[in-house]
Amino acid sequence: MAAEVDAIAARIIPTNQTPGAREAGVVYFIDRALATFASADRKLYTEGMAELQARAREIFPGVDKFSAATAEQQDEILRALDKDPSSSDQPFRPRPSGQNFFETLRQHTIAGFLIDPDSDLRGNRGGVGWQVIGRDPGHMFQPPFGYYDKDYPGWQRVAGDPEKK
Amino acid sequence: MTTGQTKYKTSDEVDFVIIGSGAAGGVMAKELSTNGFRVVVLEQGPYLKESAFVHDEIKILREDLLTNHPELQPNTFRKTPAEKAKPQRAIAYGRCVGGTSVHFAANYWRFHEIDFLERSKVGAIPGTGFADWPITYADLEPYYTKVEWEVGVSGLAEASPFDPPRSKPYPMPPLPAKSGGVIFERAAHKLGWHPYPTPLAILSQPRAGRSPCVNCGFCWGFGCEVGAKSSSLASVIPMAERTGRCEIRPDSYVYRIELNAAGRAVGVLYFDAQRNTHLQKAKSVVVCANGAETPRLLLLSSSKPFPNGLANSSGLVGKYLMCNSHARAEGLFEHPLNDYKGFVASRVLHDFYELDPQKVGFYGGGALDARFDFTPYFFALRGLPPDTPRWGDSFKAALSHNFSRTMTVTSAGTSLPLESNSFSLDPDLKDAWGLPALRMTYRDHPDDLKLVNWLNKRALELLDAAGVQKKWSQPIVEQQFALSLLGTCRMGSDPKTSVINPDHRTHDIKNLFLCDGSSLVTSGRGQPTMTIQALAYRAADRITALAKSGNLGA
């Protein structure tokens, strides 16, 4: 199943001018995820993958595996599965049961791409996900942080405003 | 005595057993132990140290390393009492030593004078339990100052013309302005509003042996690995332990307050980590378990003489739940802000703290602030404009362009106290210990929703004034998930309309005290923790005076 998961993840976050899910080692992250925090999703993966392969064959009769399809064909297959995400996308809100396979895999792919590379879930290999989104790798930063606070002189009272109500 | 060395036997009748070690429980433990009392704090969660505070979004934000676990302690939700509640996670709170103060964003502005007497000014609001507090801002002012100096708050006094009077400046200057804060400040000035540096319970300078903020960027939801966030864990709990009179006992899940035949609390029953049960004896009980678990514990402690739960002669235990009202407007700018660096919010404004109901057509008031509270993973899930593809090249392109260029203007405001909004015991669902689960009933008052819609329009105006390239809002819907858990054992002078008196003593049981978000009579305008801690300092003074004058009875 690993080659198929890898192929799907590579369409969710493709490798183009910059690294994608593949370079971040997302497939290995998902492997660990299904053995740890997402062990309850194993059945969803098995069943979802079977459905995905069936849809692949149905849409493209000559294609017997998702990973063997072209990128354009893969995107079309995934679009057919990407329905009704009805997922939790917020902290502290667990997935409702019955969440669909594609959305689960999408969220796992994103986590595997963007999680702190120091996490023992070992996603975001080499910090490539953070490079892609422009997050500096450190954990200690000094101001100025960005373009708009570069020349900021510090908080000042607006001329003419009363000091206090 | 070194930290963590004090141990009591469960058969030792300590002066106080405190349930919960969060914002209120931590302060209570520090104050009562410093005042010479023997104190046991029972905390249901683990005693985690700073080394456990990783930046792992899955462990922290998905797997609840620091928070109540929805499978072990599930809850149910419904909008109105007429509905049958369904299992659905509706609350998150810190479940570790330090409680929610470990993972909060640490916004620490004070409530204003109006919050305590607004009912008198605005008048009755039909269908609500809108009421004045039995105490005023002036009663609480010295304790707000104590929080700022002892717990550690950074800020700039007198910077907001709307701030209430204060007896002392902040002990530390504000944290640096982030790019989002500067954008917010400049735009607000164009609109004639009054932005100021957000007061934060985060150290901007070394203090009391603690490190200042290193701007790591994993703040809201996470524990601070350098102890700069002024959680109870980093600030007051070490002080309590240093007295040699306070034991913090983690992994201790209290499920019942025991009374004797005379109706006095004699101790509390709890499960230890192995789910063995114990009775910790105590002369008095102080519950600081938060606005959900405090009423739940009272309801779980029902008995023949108290069939509706302890301290519930008013019938109001668990009722008048207020969660504050919220909205978010997001903006995308031309240049990188890199607002992922640092703490969450650096500028706030209180121009809309008191809106005139005659002019706007609804009751309420609130604050706007400039913030970035996304971690990389959650930014990818919900930080992009709603018309962005959810995967593929365009998704990746938006992610890589927007992450450093996005900021949020959040609105936080009042919620009206409705008797139908409540925590109660679910009749069917049980937690992993076999105890009835929390059932939350909540539907925002229409004015609360009108308010945040109104505030969100101001937020969008502000983003326009800032020259935003693209802006969008999260849909404003009736809330079904809460982090502010307020008002469920409200304070008052009349035992018929409140659960605790102004000393935080329950009207019904002389040696049982409650202090946390449940004590609030009104919701403030969001960010209630500062006020919860000021109440805890004041309550500890009142309880100490009662104990020393022999008024807790024997």
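Naming convention: chains lettered A, B, ... in sequence-line order (proteins, then strands); numbering from 1 in each chain.
- No more than 12 heavy-atom neighbours from other residues, nucleotides or ligands sit within 6.0 angstrom of OH on A/Y28.
- Atoms OG and CZ, on B/S346 and A/F145 in that order, are 8.5 Å from each other to the nearest 0.5 Å.
- Contact of B/L156 with chain A is made through the side chain alone, with heavy-atom distances under 4.5 Å.
- A/Y148 places a side-chain N or O within 3.5 Å of a backbone atom of B/H335 that can act as its donor or acceptor partner.
- For B/F379, no part lies near chain A; criterion is any non-hydrogen pair under 4.5 Å.
- Shown here for B/F378 and A/P91, the closest heavy-atom pair between the two residues is CE2-N, 3.4 Å.
- Looking only at heavy-atom pairs under 4.5 Å with chain A, the residue among B/T67, B/D339, B/V182, B/N402 that has the most is B/V182.
- Of the atoms belonging to B/R347, it is side-chain heavy atoms, and not backbone ones, that fall under 4.5 Å from chain A.
- The distance from atom NE2 of B/H189 to atom CD of A/Q156, rounded to the nearest 0.5 Å, is 9.0 Å.
- When all heavy atoms of B/A380 and A/L114 are compared, the pair lying nearest together is CB-CD1, 3.7 Å.
- Both the backbone and the side chain of B/A177 come within contact range of chain A, with heavy atoms under 4.5 Å apart.
- In this structure, the side chains of A/L121 and B/I58 come closer than 4.5 Å at one or more pairs of heavy atoms.
- Between B/W391 and the choices A/I110, A/D75, A/I13, A/L105, the side-chain contact (heavy atoms from CB on, under 4.5 Å) rule is met once, by A/D75.
- Side-chain atoms of A/T18 and B/K396 form a donor-acceptor pair, as typed in the model, at a separation below 3.5 Å.
- Atom CZ of B/F395 and atom CZ of A/R106 lie 5.5 Å apart (nearest 0.5 Å).
- For the pair A/Q107 and B/L381, the minimum side-chain heavy-atom distance is below 4.5 Å.
- Note that OG of A/S119 is 5.5 Å distant from NZ of B/K59, once rounded to the nearest 0.5 Å.
- Of the listed residues A/D118, A/D120, A/N124, the one with more heavy-atom pairs under 4.5 angstrom with chain B than any other is A/D120.
- Between B/D393 and A/P14, the closest heavy-atom pair is OD1-CG, 3.4 Å.
- Both the backbone and the side chain of B/P197 come within contact range of chain A, with heavy atoms under 4.5 Å apart.
- In this structure, B/Y377 OH and A/I133 CD1 are separated by 13.5 Å, a value rounded to the nearest 0.5 Å.
- The heavy-atom pair separating A/W155 from B/P195 by the smallest distance is NE1-O, 3.0 Å.
- Heavy-atom neighbours of B/E71 CD from other residues, nucleotides or ligands within 6.0 Å: at or below the threshold of 12.
- Side chains of A/Y152 and B/E185: a donor-acceptor N/O pair is present below 3.5 angstrom, by distance only.
- With chain B as the partner, the residue from A/A111, A/G134, A/A10 showing the most heavy-atom pairs under 4.5 Å is A/A111.
- Formation of a donor-acceptor pair under 3.5 Å by the B/Y340 side chain with backbone atoms of A/D136 is found in this model.
- In this structure, A/Y147 places its OH atom where only 12 or fewer heavy-atom neighbours from other residues, nucleotides or ligands lie under 6.0 Å away.
- Contact annotation for B/P389: neither backbone nor side-chain heavy atoms come within less than 4.5 Å of a heavy atom of chain A.
- For chain A, the nearby parts of B/E334 are the backbone and the side chain; heavy atoms of each come within less than 4.5 Å.
- Other residues, nucleotides and ligands place no more than 12 heavy atoms under 6.0 Å from the CD atom of A/Q17.
- Atoms CZ and CD, on B/R390 and A/E103 in that order, are 4.5 Å from each other to the nearest 0.5 Å.
- Proximity of the aromatic rings of B/H103 and A/F92 is defined here by a centroid distance below 6.0 angstrom, and this criterion is met.
- At distances below 3.5 Å, not a single donor-acceptor pair connects side-chain atoms of B/N215 with backbone N or O atoms of A/M140.
- Smallest separation of non-hydrogen atoms from B/C216 and A/R135: O-NH2, 3.0 Å.
- Contact tally against chain A (heavy-atom pairs below 4.5 Å) for B/L337, B/L61, B/V54, B/L399: the top residue is B/L61.
- Here A/D149 does not pair with B/K178 in a salt bridge; the nearest charged N to carboxylate O distance is not below 4.0 Å.
- Shown here is A/K150, whose NZ atom has more than 12 heavy atoms of other residues, nucleotides or ligands within 6.0 Å.
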